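Not measured: the values here are computed from a predicted model. Each residue takes its place number in the sequence, starting with 1.
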Amino acid sequence: MLDPRFREDANGYRLPFYDEWMALAKAGKIGRKYVWRNSESKDVASQYAWFGEGIAISKKYGVYQQESKPVGMKKPNDYGLYDMTGLVCEHVMLPGKSIFGNEITSCKGGFLYDSLQSLNFGAHMDNSNGGFGGYQGLRLVRKIK
């Protein structure tokens, strides 16, 4: 169900809704745990995603500092979409959810420093203040005519 504030006649780009992001990441495949199917093998996973593989991380004032990687360095999912997990956590919209008038977004896809197990499709981080951290990004979608 689309958020009532979403304009059906809009022709621009926007953040995907949570369910849209999930469908894109899973490439239409039901029962997948990861972008690369269900394998727990680090060798298989490392072909598709960045994850805690010795990346130097420093924690200062509660914010993780990291260097991102160029997009498209790993294999795409079955829809041809690169970096659906493990590069930056991508903001998605959660329709109809708000706290004290502030919209809640969720962040999907995990981070460079996450473990392999934490890159599963069930993992997310809700954000009620609407802010972006240095470890978060976005993927835009557009209505196809």
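- In this structure, CE in M84 is found 6.5 Å from CG in N77, a value given to the nearest 0.5 Å.
- Taking OG of S39 as the reference point, atom NZ of K33 lies at 10.5 Å (rounded to 0.5 Å).
- The distance from atom NE2 of H91 to atom OH of Y18, rounded to the nearest 0.5 Å, is 14.0 Å.
- Considering every non-hydrogen atom in both A23 and Y79, the closest pair reads O-CE1, 3.8 Å.
- Q47 and W36 are not linked by any side-chain donor-acceptor pair at a separation below 3.5 angstrom, with hydrogens and angles left out of the test.
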### Task
Under the side chain to side chain contact (heavy atoms under 4.5 Å, CB included) rule, what do W21 and L15 come out as? Steps first, then yes or no, please.
CA-CA 9 Å; W21 188 95; L15 288 175; over 6 Å; no
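- Shortest non-hydrogen contact noted between G109 and L119 is O-CD2, 3.7 Å.
- Within the model, atoms CG of D83 and CE of M73 stand 9.5 Å from one another, a figure rounded to the nearest 0.5 Å.
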### Task
Show the numbers, then the answer: is there a side chain to side chain contact (heavy atoms under 4.5 Å, CB included) between Y48 and Y82?
CA-CA 8 Å; Y48 293 86; Y82 290 91; over 6 Å; no
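- Across all their heavy atoms, L87 and W50 have their closest contact at CD1-CD1, 3.6 Å.
- Between E20 and R139, no side-chain nitrogen of the basic residue sits less than 4.0 Å from a carboxylate oxygen of the acidic one, so the salt-bridge criterion is not met.
- With values rounded to the nearest 0.5 angstrom, E40 atom CD is found 9.0 Å from N120 atom CG.
- Here R37 pairs with D78 in a salt bridge; the nearest charged N to carboxylate O distance falls below 4.0 Å.
- Interatomic distance, S115 OG to K42 NZ, rounded to the nearest 0.5 Å: 8.5 Å.
- L24 has its side chain within reach of V141: a pair of non-hydrogen atoms, C-beta onward, lies under 4.5 Å apart.
- Checking side-chain atoms of K108 against main-chain N and O of V92 turns up no donor-acceptor pair under 3.5 Å.
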